[in-house]
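Read through the structure below, which is laid out as structure tokens, and then see the notes.
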Amino acid sequence: MHFEPDLLEKLRAARRIAVFTGAGVSGESGIPTFRDAQTGLWAQFRAEDLATPEAFRRDPVTVWNWYAWRRKLIREVMPNPAHLAIVQMERLIEHVTVITQNVDGLHRRAGSSDVVELHGNIFDNICSACRQPVEGIADEAGTPPTCPRCNGLVRPGVVWFGEALPEAAWIRAAEALESTDIFFCVGTSSLVEPAASLPRDARALGRTVIQINPAPTSHDQIAQYVVRGKAGEVLPALVRAAWIHAA
Ligand code: OAD
């Protein structure tokens, strides 16, 4: 895989790197992306019709069971070479911050030490009524458990369509943009705001923006570098070309 020499030079000179990731990074672990058609039992549903507060109010059992299915799927897969290449970067430069839209927790499982989960984590649970975290419940299929404090229905601790991002995560993402030299945008369709504004903000701050995606997205013109390809192939090749073979 060939990379522009000045891109490799910029990577070698970088002290801090931010990697903004979407569902495409988990795709090669076997987790369908949001814009992939749902499979099997869930083929009749669109993610956008299940990941909403209205869907949970209307049919909490179906939404709860969709997440139970996804949690089971995620537990059975492994981080892929894209996740692992990002971890390897941590050993080669001063600091790497992962800013992910993914709720699957695979960056942490791969070993990334600074992960900002903009849309929460699918294995967290909160009460749909009092919004407090609910620990230690069995998250299998069935009916949603009830909150030990207020008896409200328990729901996954992820951001649903129309909901605000966790403020602390958003602040950490903004701080990462302030200090980073390089901003990778990997495996995201960049359709969902406000997360999709991060690559634009990074470019406006003068950061080097690198887009990695097998398909074109609206952010191609924001990036100084666009690498067409799969994250699990491009990121390991980029780490080798920039730091390993250069050593
Ligand atoms: P999408 O499903 O919208 O987009 C996946 C992106 O990954 C697309 O641009 C694909 O071209 C790309 N892709 C597919 N396979 C890839 C691979 N092997 N390597 C690299 N890229 C690949 O998923 P997201 O952009 O993450 O929000 O969606 C963003 C948000 O929309 C999600 O976090 C979710 C959803 O609504 C919430 O749940 C709040």
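For ligands, and for the atoms within them, numbers begin at 1 and follow the listed sequence. In what follows, every heavy atom counts, from backbone to side chain, and hydrogens, waters and symmetry copies are set aside.
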Find all atoms of ligand 1 within a distance of less than 4.0 Å from any non-hydrogen atom belonging to [X], and give their numbers and elements.
{"X": "A23", "result": "23 (O), 24 (P), 26 (O)"}
{"X": "F161", "result": "35 (C), 36 (O)"}
{"X": "E28", "result": "17 (C), 18 (N), 19 (N)"}
{"X": "A215", "result": "11 (O)"}
{"X": "N213", "result": "8 (C), 9 (O), 10 (C), 11 (O), 12 (C)"}
{"X": "A231", "result": "17 (C), 19 (N), 20 (C)"}
{"X": "G22", "result": "26 (O)"}

Name the closest protein heavy atom to [atom], giving the residue it belongs to and the distance to 0.1 Å.
{"atom": "atom 37 (C) of ligand 1", "result": "H119 ND1, 3.7 Å"}
{"atom": "atom 29 (C) of ligand 1", "result": "Q101 OE1, 3.3 Å"}
{"atom": "atom 1 (P) of ligand 1", "result": "R35 CD, 3.5 Å"}
{"atom": "atom 14 (C) of ligand 1", "result": "G24 CA, 4.0 Å"}
{"atom": "atom 39 (C) of ligand 1", "result": "V159 O, 3.3 Å"}
{"atom": "atom 6 (C) of ligand 1", "result": "G187 O, 3.5 Å"}

>> Quick check: G232 and ligand 1, any N/O pair under 3.5 Å apart?
In response: no
> Got an N/O contact under 3.5 Å between T217 and ligand 1?
Replying inline: no
> Judged by atom type as modelled, is there a donor-acceptor pair below 3.5 Å linking the side chain of R71 to the main-chain atoms of I122?
Replying inline: yes
>> Check this for me, if you would: do D114 and R172 make a salt bridge, where the nitrogen-to-carboxylate-oxygen distance has to be below 4.0 angstrom?
In response: yes
> Taking the inter-plane angle between the rings of H83 and H107 on a 0 to 90° scale, is it parallel (under 30°), tilted (30 to 60°) or perpendicular (over 60°)?
Replying inline: perpendicular
> If you measure from atom 30 (C) of ligand 1 to every heavy atom of V227, V192, L191, which option wins on shortest distance?
Replying inline: V192
> Which pair of heavy atoms, one from L118 and one from A173, lies closest together, and at what distance?
Replying inline: CD2-CB, 4.1 Å
